[in-house]
*Asks:* 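One structure is given below, represented as structure tokens, and several questions about it will come after.
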Amino acid sequence: MLDINLIRQNPEKVAASLKKKMWDVDFTELLKWDEERKALIQVVEGNKAEMNRLSASVPQAKKNGEDITKIFAKVKEIAKNNAENEGKLKELDEKIYNFLVVLPNIPDDDLLPGEKENNKVIRTFKEKPTFDFPIKDHVELATSLGLVDYERGVKIAGRGSWVYTNLGAQLEWALLNYFISEHLKDGYEFILPPHLLNEQSGLVAGQFPKFKEDVFWLDGLEPKRFLLPTAETALVNLHRDEILSEDDLPKKYFAYTPCYRREAGSYRTEERGMIRGYQFDKVEMVQYTKPEDSDQAFEELVNKAERLVQGLGLHYHVSKLAAGDISHSMARTYDIEIYIPSIGIYKEVSSASNARDYQARRGMIRYKDKATGKNRYVHTLNASGLATSRIFPALLEQNQQADGSVLIPEVLQPFMGGLKVIKPIKK
RNA sequence: GGAGAAUUACCCAAGUGGUUGAAGGGGUCGGUCUUGAAAACCGAUAGGGGAUGCAAGUCCCGCUAGAGUUCGAAUCUCUAAUUCUCCGCCA
């Protein structure tokens, strides 16, 4: 949610910023409603004040034996006139809310306008791996090593699903364990949230109303619930409608959940296997900070996500996203993209974003500023740390050997009973 | 799934239609006393949103939420949410 004051003060500037996100908006109507609303509030409240005064005078008038029916009539008359105004006011409030609630966040000033083509790679880790043998893709590797059963996944669930089997399940779990242990070391609080969330949570995170069709909704519970598309949705709502103490900030959380998304099925050869499914595992970090601390927190989150990939020894780069490619709710996003040799492209394993006060405004998440005693909106930030569904294939492909085996990164070995290499199953 | 009860401020809680501008207690904060602390005593403690104003202030809305009745609602009615108790079912 954008601050309407910002729009009042400088509508052209806000419109220009949103334009960078490829979002055309004209505030003329909104500002007109806003003016009308202010004028109407004064009328409505003035009338209410008058009614309150009159009603309060009844007991005294009774005591004095005055004619109170006149007072009753007067109040009734004012109430009748006011009802219409109140109706109009409610309508205006709704119109203003509906206008504001769909607007995306304002991108940071230093971002390039436009979409993907204007994303900029700002750092790279390691060289692109080279192989002196014909490489296999991750689907082939996962199958020949007995790590993933795609066919049985489709059999028991349908398209867009797979089964981690045996060492594959262990590898997946080892990745998650490795991420979790690193976050614990860094003092982040571990959360296991529910996976079925209510609509308000989606609204506060900024996924709704725009992306209501992109999540899975469940029948059978009223009011309806949806399967979380990312743990961010849960974590960012933890302190909804709360006023935190300044000493509590920053709040640093991480959660492991599967993520459920409808977008699977955009089947392209580059999205074979587990690159895009209805369900994938992810560890997600979220921070609540004071506004002045959020830039630093953003760097911390990007850095943490990078260190996780570095620990695995995999080649990746960091992209600073153009304004039009960052998500609806976010002001700034860096993607960490990992190299997948078989398709020769980089795929997102972490997306680190600063929502600034956009989500906090929607969720009334505030803290009491000690110096002024005033309540201020917090800033919320999130970053994957990490999503396994791209790490897993990248790891298999980047670490494959000529004999078809795959080396397990040292950091994962303790979580896999010391196993150093996964060898093909003999037929 | 069924039945019943409850929801008041940081916590507990009084309050069944009009000086409620919400009692009282606890806690917290400040003070007195003390070498320091405890105890005791004194004082403060309704938050939040909005309108207006340079400001002080004034006003509107706030007793879970939303509707309604009434000149007037914490109080009466309806709907919903949540919590608790009991019954049923169940991993």
Side-chain angles (χ1 to χ4, degrees), chain A residues 1-9 30-101 192-204 218-226 234 237-249 288 357-378:
Chain A
M1 198 76 113
L2 299 185
D3 182 2
I4 193 165
N5 278 311
L6 221 59
I7 301 172
R8 278 184 198 137
Q9 284 156 17
L30 176 76
L31 291 171
K32 197 189 82 198
W33 295 335
D34 188 47
E35 286 299 313
E36 284 176 33
R37 177 178 167 274
K38 279 193 172 190
L40 207 52
I41 280 180
Q42 288 180 52
V43 176
V44 168
E45 289 191 356
N47 283 337
K48 282 192 174 173
E50 178 66 11
M51 284 157 65
N52 286 344
R53 257 195 306 277
L54 287 169
S55 289
S57 73
V58 168
Q60 190 58 46
K62 257 187 191 169
K63 235 187 246 171
N64 299 346
E66 291 168 30
D67 180 11
I68 47 176
T69 56
K70 269 191 195 156
I71 301 180
F72 293 173
K74 180 76 182 155
V75 174
K76 265 195 164 164
E77 193 195 322
I78 299 173
K80 209 175 129 196
N81 292 334
N82 221 29
E84 197 186 326
N85 288 328
E86 281 183 276
K88 267 192 222 159
L89 187 59
K90 207 173 164 189
E91 246 173 67
L92 280 170
D93 280 337
E94 270 166 27
K95 277 201 249 182
I96 291 169
Y97 175 83
N98 290 335
F99 189 101
L100 289 176
V101 79
L192 288 172
H195 301 179
L196 275 51
L197 302 178
N198 58 28
E199 182 168 358
Q200 181 68 12
S201 293
L203 193 88
V204 168
L218 288 124
D219 288 331
L221 276 171
E222 280 305 324
K224 285 220 189 329
R225 299 182 197 187
F226 66 97
N237 275 281
L238 238 33
H239 296 292
R240 183 211 298 167
D241 295 321
E242 289 182 27
I243 298 171
L244 301 166
S245 135
E246 187 176 336
D247 295 333
D248 290 340
L249 298 177
Y288 296 70
D357 63 3
Y358 184 88
Q359 293 173 324
R361 278 181 190 282
R362 294 167 92 91
M364 293 297 278
I365 310 164
R366 292 162 296 171
Y367 75 98
K368 192 164 286 292
D369 185 281
K370 270 187 176 170
T372 62
K374 293 236 189 286
N375 298 323
R376 301 173 71 199
Y377 290 105
V378 300

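The figures that follow rest on heavy atoms only: side chains count, while hydrogens, waters and symmetry mates do not.
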*Asks:* For A:Glu242 and B:C10, give me the distance from atom CD to atom P, rounded to whole Å.
*Replies:*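 So the two atoms are 13 Å apart, to the nearest Å.
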
*Asks:* Tell me, with the steps shown, if A:Asn52 and A:Ser55 meet side chain to side chain donor-acceptor pair (under 3.5 Å).
*Replies:* CA-CA 5 Å; A:Asn52 286 344; A:Ser55 289; 5.9 Å; no

*Asks:* Can you sort out the partners of A:Glu246 under salt bridge (Lys or Arg N to Asp or Glu O under 4.0 Å), two or more places apart, ordered by chain and number?
*Replies:*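 Salt bridge (Lys or Arg N to Asp or Glu O under 4.0 Å) list for A:Glu246, sorted by chain: A:Lys290.
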
*Asks:* I'd like the C1' distance from B:C86 over to B:C29, given in whole Å.
*Replies:*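 Comparing C1' positions in B:C29 and B:C86 gives a spacing of 44 Å.
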
*Asks:* To the nearest Å, give me how far apart CZ (A:Arg240) and P (B:U64) are.
*Replies:*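 It works out to 20 Å between those atoms.
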
*Asks:* Check RNA chain B against residues 39-52 of chain A and give the residues with a non-hydrogen atom under 4.0 Å, in numerical order.
*Replies:*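 Contacts with RNA chain B under 4.0 Å: A:Ile41, A:Gln42, A:Glu45, A:Lys48, A:Ala49, A:Asn52.
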
*Asks:* Would one find a side-chain N or O of A:Lys368 under 4.0 angstrom from OP1 or OP2 of B:G47?
*Replies:*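 Negative; the distance criterion is not met.
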
*Asks:* With C1' as the reference atom in both, quote the distance from B:A6 to B:A80 in angstrom, rounded to an integer.
*Replies:*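 To the nearest whole Å, 15 Å.
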
*Asks:* Suppose you measure atom P in B:G1 against the same atom in B:G18; what distance do you get, rounded to whole Å?
*Replies:*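 Pairwise P distance, B:G1 against B:G18, rounds to 40 Å.
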
*Asks:* Where the side chain of A:Ser55 is defined as all heavy atoms beyond and including C-beta, which of B:G48, B:C71, B:G50 is the nearest nucleotide?
*Replies:*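 The closest nucleotide is B:C71.
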
*Asks:* I want to check something: taking the side chain as every heavy atom from C-beta on, are A:Asn5 and A:Gln9 in contact at a cut-off of under 4.5 Å?
*Replies:*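 Yes, at least one pair of side-chain atoms sits under 4.5 Å.
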
*Asks:* If I pick the P atom on B:A5 and the same atom on B:A22, what distance separates them, to the nearest angstrom?
*Replies:*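 It works out to 31 Å between them.
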
*Asks:* Round to the nearest Å and state the distance from A:Asn85 atom CG to B:C60 atom P.
*Replies:*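 Rounded to whole Å, this separation is 17 Å.
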
*Asks:* Between A:Asn82 and A:Lys48, does a side chain to side chain contact (heavy atoms under 4.5 Å, CB included) hold up when you go through it step by step?
*Replies:* CA-CA 8 Å; A:Asn82 221 29; A:Lys48 282 192 174 173; 3.9 Å; yes

*Asks:* Taking the side chain as every heavy atom from C-beta outward, state whether A:Arg361 and A:Leu2 have any atom pair closer than 4.5 Å.
*Replies:*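 A:Arg361 does not reach A:Leu2 side chain to side chain.
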
*Asks:* OP1 or OP2 of B:G72 less than 4.0 angstrom from a side-chain nitrogen or oxygen of A:Lys74, does that happen here?
*Replies:*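 Indeed not, no polar side-chain atom of A:Lys74 lies that close.
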
*Asks:* Taking B:G72 as the reference, what is the distance to B:C60 when you measure between their P atoms (whole Å, please)?
*Replies:*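 One P to the other, the span is 15 Å.
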
*Asks:* Which sits closer to the 5' end of RNA chain B, A:Ala79 or A:Ile243, going by the nucleotide each is nearest to?
*Replies:*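 Per heavy-atom nearest nucleotide, the more 5' residue is A:Ile243.
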
*Asks:* Please work out if A:Lys80 contacts a base, only the sugar-phosphate, or nothing of the nucleic acid, heavy-atom cut-off 4.0 Å.
*Replies:*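 Since no nucleic acid heavy atom lies under 4.0 Å of A:Lys80, the category is nothing.
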
*Asks:* With rounding to whole Å, what would you report as the distance between B:U70 and B:C59 at their C1' atoms?
*Replies:*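 Pairwise C1' distance, B:U70 against B:C59, rounds to 23 Å.
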
*Asks:* State, with a plain yes or no, whether a side-chain heavy atom of A:Tyr367 is found less than 4.5 Å away from one of A:Tyr288.
*Replies:*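 No - every pair of side-chain heavy atoms lies 4.5 Å or more apart.
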
*Asks:* Name the residue closer to the 5' end of RNA chain B, choosing between A:Arg366 and A:Lys38 according to the nucleotide with the nearest heavy atom.
*Replies:*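 That would be A:Arg366.
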
*Asks:* Considering only heavy atoms from C-beta outward, does the side chain of A:Asn47 approach that of A:Val43 to under 4.5 Å?
*Replies:*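 They are in side-chain contact.
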
*Asks:* B:G31: syn or anti, with syn meaning chi within 90° of zero?
*Replies:*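 Chi for B:G31 falls in the anti range.
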
*Asks:* Take atom P in B:U34 and the same atom in B:A23, then report the distance between them in whole Å.
*Replies:*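 One P to the other, the span is 35 Å.
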
*Asks:* Nearest-Å distance, CD1 (A:Ile96) to P (B:G50)?
*Replies:*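 In whole Å, B:G50 P and A:Ile96 CD1 are 13 Å from each other.
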
*Asks:* Roughly, in whole Å, what's the span from CG in A:Leu54 to P in B:C60?
*Replies:*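 The distance from CG of A:Leu54 to P of B:C60 comes to 12 Å, rounded to the nearest Å.
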
*Asks:* Determine the contact category for A:Lys70: base if any of its heavy atoms lies under 4.0 Å from a base atom, sugar-phosphate if only primed atoms, P, OP1 or OP2 are that close, otherwise nothing.
*Replies:*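 No contact.
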
*Asks:* Measure from CD on A:Glu36 to C1' on B:A51 and round the result to the nearest Å.
*Replies:*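 After rounding, the gap between these two atoms is 17 Å.
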
*Asks:* Give the rounded distance in Å between these two atoms: CZ of A:Arg8 and P of B:A51.
*Replies:*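 Rounded to whole Å, this separation is 6 Å.
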
*Asks:* Sticking with atom C1', work out how far B:G43 lies from B:C33, rounded to a whole angstrom.
*Replies:*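 To the nearest whole Å, 15 Å.
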
*Asks:* Compare all side-chain heavy atoms of A:Leu197 with those of A:Asn237 and state whether any distance is below 4.5 angstrom.
*Replies:*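 Side-chain contact under 4.5 Å: no.
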
*Asks:* Salt bridge check, A:Glu50 against A:Arg53: does any charged N sit closer than 4.0 Å to a carboxylate O?
*Replies:*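 A:Glu50 and A:Arg53: salt-bridged.
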
*Asks:* What is the distance, to the nearest angstrom, from the CG atom on A:Asn5 to the P atom on B:G50?
*Replies:*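 Atom-to-atom, A:Asn5 to B:G50, this comes out as 9 Å.
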
*Asks:* Just need the stems in RNA chain B: three or more back-to-back Watson-Crick or G-U pairs, each with both distances under 3.5 angstrom, sorted by first number.
*Replies:*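 Stem segments, range with range: B:1-7 with B:81-87, B:10-12 with B:24-26, B:27-32 with B:40-45, B:48-52 with B:57-61, B:64-68 with B:76-80.
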
*Asks:* Are A:Glu86 and A:Lys90 close enough that some pair of their side-chain heavy atoms sits under 4.5 Å apart?
*Replies:*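 Of all side-chain heavy-atom pairs linking A:Lys90 with A:Glu86, none is under 4.5 Å.
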
*Asks:* Could you tell me whether the side chain of A:Leu100 reaches within less than 4.5 Å of the side chain of A:Ile7, counting heavy atoms only?
*Replies:*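 Side chain of A:Ile7 against side chain of A:Leu100, heavy atoms only: contact under 4.5 Å found.
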
